[in-house]
Amino acid sequence: MNRAARQGLVRAASAAALLLAVTACSSGPRESAPAATPSTAASGGQQEPTASTSSSASGRNVSMNIRVRLDGRPVDAVINDSPAARDFAELLPLSLDLQDFHSTERVADLPRKLETSGAPEPVAAKVGDIAYYAPWGNLALFYQDGPAPSADLLILGHLDVSADQLGRATRITIEPAA
């Protein structure tokens, strides 16, 4: 399998893991403000999105507030509390050009590799997942469900956006929330 195909498979797996973790978080009671619903993000509302706090399937808290824009449009997003996600947050703000990868994800190179020690158990990537593919050091945004879980693909968070909008995106801007 060529490098590009492996990267796509790994990214897909990480994004799916993030979606599963975020989905698991949204089904139980919360002690903090609820996250925006998919219909809010799909409606294209102009509110400034921020992440909310909830627990993930791995027992980590989704607690890092971020603001995300895809092609200039705000979308709701959350970043988990894994070591890789915390390291990713240290890179913010970021503006990245996105490229399609295997009709499954949008990818962009990060300025440096992220910390990957202490990563949670791998899960398959799902639509909307923000993931980090460790061997290549790049960011992956999944607009299709990914392949089987891989330890090389780390789910960092989730975008609450339609697969169609994410699949067409050419630029992402990610900032810490105020």
Side-chain angles (χ1 to χ4, degrees), residues 7-26 35-36 38 41 49-54 56-58 60-71 73-101 104-111 113-116 119-120 122-134 136-147 149-150 152-163 165-177:
Q7 181 182 16
L9 292 174
V10 171
R11 286 182 181 157
S14 292
L18 178 61
L19 179 60
L20 289 174
V22 171
T23 302
C25 296
S26 65
T50 59
S52 63
T53 303
S54 62
S56 72
S58 66
R60 299 184 191 286
N61 289 329
V62 178
S63 61
M64 288 185 241
N65 294 326
I66 59 170
R67 293 186 328 175
V68 174
R69 290 186 173 275
L70 282 177
D71 298 328
R73 295 182 65 187
V75 298
D76 291 322
V78 294
I79 296 293
N80 63 43
D81 193 30
S82 68
R86 286 191 303 269
D87 196 26
F88 175 70
E90 293 293 321
L91 295 176
L92 302 181
L94 284 174
S95 287
L96 304 168
D97 291 324
L98 300 170
Q99 298 178 342
D100 190 67
F101 187 78
T104 302
E105 60 195 275
R106 306 299 286 176
V107 299
D109 292 327
L110 291 175
K113 290 197 171 196
L114 301 179
E115 173 62 42
T116 59
V123 294
K126 296 289 183 190
V127 172
D129 282 348
I130 303 167
Y132 173 68
Y133 184 62
W136 295 345
N138 58 8
L139 192 67
L141 309 172
F142 285 84
Y143 65 91
Q144 299 291 328
D145 288 348
S150 166
D152 288 334
L153 188 66
L154 307 174
I155 303 299
L156 303 176
H158 187 78
L159 298 168
D160 201 6
V161 63
S162 74
Q165 182 183 353
L166 188 52
R168 291 187 324 251
T170 59
R171 186 145 183 91
I172 187 169
T173 301
I174 309 166
E175 303 172 327

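Heavy-atom basis, side chains included; hydrogens, waters and symmetry copies ignored.
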Nearest-0.5 Å distance, CG of residue Leu110 to CZ of residue Phe88: 6.0 Å

Euclidean distance, Leu141 CG relative to His158 NE2, rounded to 0.5 Å: 11.0 Å

For [Y], does its backbone N or O pair with a side-chain atom of [X] as donor and acceptor, under 3.5 Å?
X	Y	result
Arg69	Thr173	no
Asp87	Glu115	yes
Asp160	Ala77	no

Please tell me if the side chains of [X] and [Y] come closer than 4.5 Å, counting only heavy atoms from C-beta onward.
X	Y	result
Leu94	Leu139	no
Ser82	Pro120	yes
Leu70	Arg106	no

CA sep, side-chain torsions, deciding dist, call: Leu91, Leu114, side chain to side chain contact (heavy atoms under 4.5 Å, CB included): CA-CA 9 Å; Leu91 295 176; Leu114 301 179; 3.7 Å; yes

Minimum heavy-atom distance between [X] and [Y], given as atom pair plus value:
X	Y	answer
Ala108	Leu98	CB-CD2, 3.9 Å
Ala140	Glu105	CB-OE1, 3.1 Å
Glu175	Pro93	CG-CB, 4.0 Å

Qualifying residue, where the test is side chain to side chain contact (heavy atoms under 4.5 Å, CB included) with Leu166 and the options are Val75, Val161, Val127: Val161

Step-by-step side chain to side chain contact (heavy atoms under 4.5 Å, CB included) determination, Tyr132 to Thr116: CA-CA 9 Å; Tyr132 173 68; Thr116 59; 3.8 Å; yes

Worked check of side chain to side chain contact (heavy atoms under 4.5 Å, CB included) between Ile130 and Leu159: CA-CA 7 Å; Ile130 303 167; Leu159 298 168; 3.7 Å; yes

Under 3.5 Å side-chain donor-acceptor pair for Tyr143 and Asp100: yes

Ion pair check, Asp97 and Arg171, cut-off under 4.0 Å: yes

